[in-house]
Amino acid sequence: MKNNKPFVQVLNLLTAADDQFSGLKGGVLAIGNFDGVHKGHRVVLETALNLAATQGGQCKAIAMTFEPHPRTVFKPDAPVFRLTPRHEKSRLMAAMGLDGVVVTPFDHDFSQMEAEDFVCNLLIEKLAVSHVVVGYDFHFGRARQGSPEFLMEMGKAHGFAVSVIPAQKNDEGALVYSSSATRDCLAKGNIELANDILGYHYFVAGEVVHGRKEGRELGYPTANMALEANSELKHGIYAVQLRVDGKVMDGVASFGRRPMFDNGPPLLETYVFDFDGDLYGKNVEVAFFKYLRGEEAFDSLQALLDQMAIDCENAREVLQNAEILSSIDQSLNGE
């Protein structure tokens, strides 16, 4: 994986001026939603990187993605559990060494674009692509009429090449790497398998907000974050690392409704080991390593405190033996 190039830019395909695309035209374009930028996605993106490298230093490797997630448009009452919101997705692509990300705003009008218009107006006129890379299940255009096969036919007619990447599976061949499989793992608390699909430790990012301060009163001050309302991460206790200002610190986190206290909206509360600083208002990331136990109500505060001590001990043991999963992990940790 290349990771030593400067990340050029993130452009809105429909509103950016034409001259902003000049440095990216004629490049190799990987297309997909890329939610999670998991191992399967990265084969698509790495193929684009490698193809661009074979064409010389002037050829750029870029990705086209869609915002918001199309399912949010088609099923607004059931928005998708996003693994990587836009900013985090771009960061992961930057860590891979891509030259840019082209963000295509997705709304109902865009969904009605004919597949041929998508190719002619966007891929050819806007980006003048030399090569397009997609996954085996990529579809586009009104009623999903555009398929990888259609894209290959258009490429032959208009002078650009197309590479179609087959499904990517684990070594046993039983698990197809996919965003839906990752979401399912996170919803079940199977963090290790989710991380294996992603190839890095699943993380969330956000601002530390003020909470009710029960943790501080109990001797366990926490950094609190409100996750997206559609997060389906299983409620419970996790071994985590918190990243802030270039530092990586071990900790234990609770995600849930706090049944011992207010049973309120879900909140991620992270207790950082051996830390006495102030994180309020800071933007932090919390990376998940293992699901330790479910959220529960105890008979007394002392029973809760006893269990919290056990949770800390278990989390320390997990994190002491934790391994970097990939160069993506290294990049996220600032290494």
Side-chain angles (χ1 to χ4, degrees), residues 1-10 34-39 41-42 45 49 63 82-101 186 191-192 194-196 198-211 215-216 220-228 231 233 237-255 267-290 311-312 315-335:
M1 178 185 298
K2 295 189 289 184
N3 58 10
N4 59 348
K5 297 192 306 182
F7 186 54
V8 174
Q9 52 194 335
V10 178
F34 300 122
D35 187 31
V37 195
H38 56 65
K39 287 179 178 177
H41 293 149
R42 292 210 295 280
L45 296 166
L49 281 162
R82 289 288 298 269
L83 302 173
T84 46
R86 174 177 170 176
H87 177 69
E88 282 70 41
K89 188 193 305 185
S90 296
R91 282 189 60 217
L92 291 167
M93 292 180 176
M96 293 186 64
L98 289 168
D99 293 292
V101 174
L186 294 173
I191 294 297
E192 292 95 332
N195 290 343
D196 180 58
L198 293 171
Y200 60 89
H201 291 96
Y202 171 71
F203 69 96
V204 296
E207 182 181 342
V208 175
V209 299
H210 287 275
R216 182 172 298 278
Y220 291 91
T222 58
N224 303 323
M225 295 168 57
L227 303 191
E228 295 289 337
S231 173
L233 180 67
I237 311 303
Y238 294 86
V240 302
Q241 287 184 337
L242 183 142
R243 301 188 286 249
V244 60
D245 297 335
K247 298 179 180 178
V248 181
M249 299 177 285
D250 293 347
V252 61
S254 169
F255 178 57
L267 190 69
L268 179 66
E269 302 171 282
T270 303
Y271 170 61
V272 181
F273 302 144
D274 310 314
F275 178 74
D276 193 30
D278 183 359
L279 295 174
Y280 289 123
K282 286 186 174 291
N283 290 312
V284 305
E285 295 174 353
V286 177
F288 293 78
F289 286 72
K290 187 173 183 178
D311 294 336
C312 289
R316 286 183 188 272
E317 182 178 354
V318 169
L319 296 167
Q320 183 178 7
N321 300 311
E323 297 180 350
I324 294 291
L325 298 180
S326 66
S327 58
I328 290 285
D329 248 357
Q330 289 179 317
S331 176
L332 292 171
N333 282 345
E335 298 180 15

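Values below: every heavy atom of this structure, side chains too, minus hydrogens, waters and symmetry copies. FYI, the numbering just counts along the sequence from 1.
Distance check, rounded to the nearest 0.5 Å: CG of L325 to OH of Y200 gives 11.0 Å. Note that the CG atom of D196 and the NE2 atom of H201 stand 10.5 Å from one another [nearest 0.5 Å]. Rounding to the nearest 0.5 Å places OG1 of T270 at 9.5 Å from CG of L279. The structure places NE2 of H41 at 8.5 Å from NZ of K89, a figure rounded to the nearest 0.5 Å. R243 contributes atom CZ, which lies 5.0 Å from atom CG of L332 (distance to the nearest 0.5 angstrom). The line from NE2 of H38 to OG1 of T84 is 9.0 Å long, rounded to the nearest 0.5 Å.
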* To do: Any chance you could lay out the side-chain hydrogen bond (donor to acceptor under 3.5 Å, both in side chains) test for D250 and Q241, step after step, and finish with the verdict?
  => CA-CA 4 Å; D250 293 347; Q241 287 184 337; 3.0 Å; yes
* To do: Begin with the C-alpha distance, continue with both residues' side-chain angles, and end with the deciding distance and a verdict on side chain to side chain contact (heavy atoms under 4.5 Å, CB included) for F255 and V240.
  => CA-CA 11 Å; F255 178 57; V240 302; over 6 Å; no
* To do: Report the C-alpha separation of F34 and L45 in whole Å, then their side-chain angles, then the decisive distance to 0.1 Å, and conclude whether the side chain to side chain contact (heavy atoms under 4.5 Å, CB included) test is met.
  => CA-CA 9 Å; F34 300 122; L45 296 166; 3.9 Å; yes
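Heavy-atom minimum distance, L242 versus A223: CD1-CB, 4.2 Å. Scanning both residues, L83 and Y202, for their nearest heavy atoms gives O-CE1, 3.9 Å. Residues F203 and E88 share a closest heavy-atom pair of CE1-CG, 3.5 Å. The shortest non-hydrogen separation linking G251 to L319 is O-CD1, 3.6 Å.
Atom CD of E317 has 12 or fewer heavy atoms from other residues, nucleotides or ligands within 6.0 Å. The environment of K39 atom NZ is dense: over 12 non-hydrogen atoms of other residues, nucleotides or ligands sit within 6.0 angstrom. Within a 6.0 Å radius of CD in E207, other residues, nucleotides and ligands contribute more than 12 heavy atoms.
Looking at S90, its side chain does come within 3.5 Å of a backbone N or O of R86 through a donor-acceptor pair.
Note: Y271 and F273 have perpendicular aromatic rings, judged against thresholds of 30 and 60 degrees for the angle between ring planes.
Each of L198, L92, I328 was checked for a side chain to side chain contact (heavy atoms under 4.5 Å, CB included) with R42, and the lone residue meeting it is I328. Checking N321, I191, V318 one by one against F289, the side chain to side chain contact (heavy atoms under 4.5 Å, CB included) holds for a single residue, V318.
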